[in-house]
Protein chains: 2
Amino acid sequence: MTDTPPRRRPPTIDEVVRVDGPVRDESAAEQRRSPRIEEVARLAGVSPITVSRALRRPNLVAEEKRRRILAVVEATGYASNPHARALRSGQSTIVAAFVSNIMSPQFALAVQSAAAILEPNGFQLMVGQTSYSYAKETSMIQSLRALRPAAVLFTGVIELESNRRALRELDIPVMETWAYPRDPIDMLVGFSNTDGGRMAADHLHGRGYRRIAYIGRRSGRGALRLDGFRQRVAELGLDLAAELTVESVSGIADGRGALAQLLDQAGSRIDAVFCANDLLAVGALLEARHRRLQVPGELAVIGFGDGDMASEIAPGLTTISADVGRIGRLAGEMLLARLSGPPADRTTELIELDLIQRGST
Amino acid sequence: MTDTPPRRRPPTIDEVVRVDGPVRDESAAEQRRSPRIEEVARLAGVSPITVSRALRRPNLVAEEKRRRILAVVEATGYASNPHARALRSGQSTIVAAFVSNIMSPQFALAVQSAAAILEPNGFQLMVGQTSYSYAKETSMIQSLRALRPAAVLFTGVIELESNRRALRELDIPVMETWAYPRDPIDMLVGFSNTDGGRMAADHLHGRGYRRIAYIGRRSGRGALRLDGFRQRVAELGLDLAAELTVESVSGIADGRGALAQLLDQAGSRIDAVFCANDLLAVGALLEARHRRLQVPGELAVIGFGDGDMASEIAPGLTTISADVGRIGRLAGEMLLARLSGPPADRTTELIELDLIQRGST
DNA sequence: TTGTAGGCGTTATCAC
DNA sequence: GTGATAACGCCTACAA
């Protein structure tokens with residue numbers, strides 16, 4: 001016997017509404033390919049190099065000619081071929097951005113904010129994901145040698161010594177973010193994760209909690225936050241009641257699982273927990289609700305990052321917040337200044353952290 | 001009188017732990033810049049063009065020579081200069097990807113899945129954000145004329161007729177996704193938003209709800225979902241109790257606000273609401289909880305997209321789900337096939353939608 | 001202030 | 001199967 005596969009009804013076509021854009025006749029199909037600098041030059045009655053200068057260093061070109069040239073550029077929609085430009089000048093218009101996890105709204109916001117600064121100035125952002133993997137990070141940095149972007153931006157700092165060296169040797173601006181190390185590769189817009197941990201400890205102590213636990217990674221930024229947290233907890237004369245490590249990229253589900261495990265193991269010894277990021281913290285809140293624990297009565301939760309959810313769930317999540325949009329903007333601005341000018345004056349910027357008190361503590 | 005600014009204590013330095021990578025001596029600093037094809041040719045005892053062929057079309061080169069060349073390439077870490085290549089051959093290794101909103105985990109996952117296919121094959125993804133703005137979309141598509149990427153990928157379909165034309169004229173593979181229009185520009189991996197709306201209506205009706213409302217955009221994909229929803233609601237002999245439109249990029253807060261407004265206006269006339277995306281639906285759930293409404297007893301909520309949160313909140317969110325990772329993978333594979341081979345056989349792929357029943361209905 | 005000459009690194013084309 | 005030659009489009013260096 002043969003099974004007849006179940007008949008599915010055909011999909012409904014999405015009747016997408018087409019919209020007419022601004023009419024751009026341009027009359028002929030000759031306009032098809034992007035015009036070359038030579039054509040612009042001919043139409044403006046100058047030499048190609050003058051067009052190039054009018055676009056790159058306008059003040060070297062006579063006012064009158066410049067206007068004529070720009071008019072032609074506008075009319076023809078000329079855009080210089082970035083490959084030819086990069087090849088001849090060694091100056092690419094590509095800025096490579098690497099995030100550890102594309103799907104994190106925090107990183108995405110920072111990258112987006114940097115893009116908002118760089119793109120109007122003729123740079124294009126190329127985004128790659130390192131997935132918290134040294135191997136992936138290394139291979140992406142390798143590929144930069146060939147790509148020769150104008151600059152590189154990381155939402156994080158580079159830990160591998162070999163990669164730091166490779167980046168220095170690229171001899172282009174390198175921007176690190178999201179931490180405040182002693183010796184950045186080049187430029188830095190970051191905050192002190194260690195201080196964030198300290199703030200969390202201070203806050204919990206100040207609110208009267210004494211049996212405190214930690215959930216987070218034990219490497220990278222998680223480790224830094226834990227360090228500061230531990231230090232301050234010790235200074236305050238408390239013991240860390242428990243520590244629970246999660247692996248690499250962590251989400252809400254990990255936070256739930258981690259708190260569950262923590263409570264099963266250390267249950268009543270705990271009255272507050274510091275989660276190294278907000279997703280973990282949200283997960284912890286959900287698990288607490290699941291167990292019908294009073295928050296913050298029976299268990300207080302504090303996060304790190306001020307994600308989208310923090311203000312929306314109930315109770316609101318107390319968290320340590322960095323202005324991530326500002327990190328992206330500043331990084332973009334500093335890169336832009338360096339790319340278009342003389343050696344920049346500032347290469348390091350510290351972003352202050354804020355503690356945002358909500359209902360969960 | 002002058003204010004003395006409050007003294008802040010200096011930031012704690014993040015004591016990042018540096019890690020030594022694999023030792024790669026390469027003995028000298030001469031290896032610094034990426035070697036050129038000519039050097040590889042010299043070391044292998046062949047001409048530059050033969051090296052080029054050995055890399056691009058290996059079967060045109062004699063076995064023996066090819067091996068020698070590849071060994072040298074390996075040893076020197078040679079990688080061809082993508083700008084020179086793009087300039088001469090018109091073949092870029094860049095694939096341009098445009099998302100309407102970088103911060104959406106759904107889009108990010110799709111892009112990431114496509115990247116996972118394309119990157120190991122030597123292509124690099126360049127991500128841009130159109131912000132649901134025709135103007136931005138148009139200007140990005142303009143800039144493609146100069147960049148000449150190998151292909152373009154959209155997490156969405158292009159509505160503006162002028163942009164569709166511009167993309168066709170680029171004469172490179174164009175991949176649209178996330179909808180199932182009658183006439184894609186070129187390639188398509190999509191699902192029927194209209195069918196999704198129908199499924200939502202069917203489900204709510206089947207569960208016994210009769211006073212049904214809609215929250216979402218009234219343009220783009222939201223409109224398609226609403227269309228199908230409305231059609232099916234009518235076929236089932238029901239009336240749509242209320243429709244509430246939100247603007248452009250919408251988040252959890254918009255969902256809360258929308259449901260609040262809906263309940264204030266139409267309150268008891270409503271027993272179920274279909275939200276055009278999961279963020280809105282999560283917002284609606286939170287607002288319902290805030291008002292101490294029984295879900296699903298007093299109000300049922302169904303979403304679209306199966307985001308991260310859907311399964312984590314309580315009650316779980318019933319939602320229409322498309323396998324977004326699969327969309328990205330398929331899009332990547334189809335593009336790759338087209339880029340490295342003869343005219344592809346399949347240029348359109350339909351992704352089935354699933355209804356995931358959880359506690360909210 | 002403007003223009004001329006030449007080359008960035010690669011590959012298409014054609015000849016052998 | 002391999003190589004010589006030229007060209008992709010632009011911009012640096014230098015000259016006028």
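Letters A, B, ... are given to chains in the order of the sequence lines, protein chains preceding strands, and every chain is numbered from 1.
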Mapping B:Arg53 and B:Ser80 to their closest nucleotides on DNA chain C, which lands nearer the 5' end? B:Ser80
What nucleotide, of C:dG3, D:dA6, D:dT2, holds the atom closest to the side chain of A:Ser47? C:dG3
Students often get this wrong, so: under 4.0 angstrom with heavy atoms, is A:Arg56 touching a base, only sugar-phosphate, or nothing? sugar-phosphate
Regarding B:Arg56 and B:Ser80, do their side chains bring together a donor and an acceptor under 3.5 Å, going by distance alone? yes
Determine: side-chain N/O of A:Ser52 to OP1/OP2 of D:dC11, distance under 4.0 Å, yes or no. yes
Among D:dG9, C:dG3, C:dT11, the one nearest B:Ile49 by side-chain distance: C:dT11
Rounded to whole angstroms, how far apart are CG on A:Asn81 and C1' on D:dC11? 12 Å
From D:dT12, C:dT10, D:dG9, nucleotide with atom closest to B:Tyr78 side chain: C:dT10
Toward the 5' end of DNA chain D, by each residue's nearest nucleotide, B:Ser89 or B:Leu60: B:Leu60
Roughly how many Å is it from CZ in A:Arg42 to P in C:dG3, rounded to a whole number? 15 Å
Between C:dC8, D:dC11, C:dT1, which nucleotide gets closest to the side-chain atoms of A:Ala62? C:dT1
A:Lys65 side chain, from C-beta outward: closest of C:dT2, C:dA12, C:dG3: C:dT2
Have a look at A:Ile37 and say if it touches a base, only the backbone sugar-phosphate, or nothing, with a 4.0 Å heavy-atom cut-off. sugar-phosphate
Do the charged groups of A:Arg68 and A:Glu64 touch, with an N to O distance under 4.0 Å? yes
What's the closest nucleotide to the A:Arg88 side chain, out of D:dC8, C:dT10, D:dC11? D:dC11
Under 3.5 Å, is there a donor on one side chain and an acceptor on the other for A:Glu39 and A:Tyr78? no
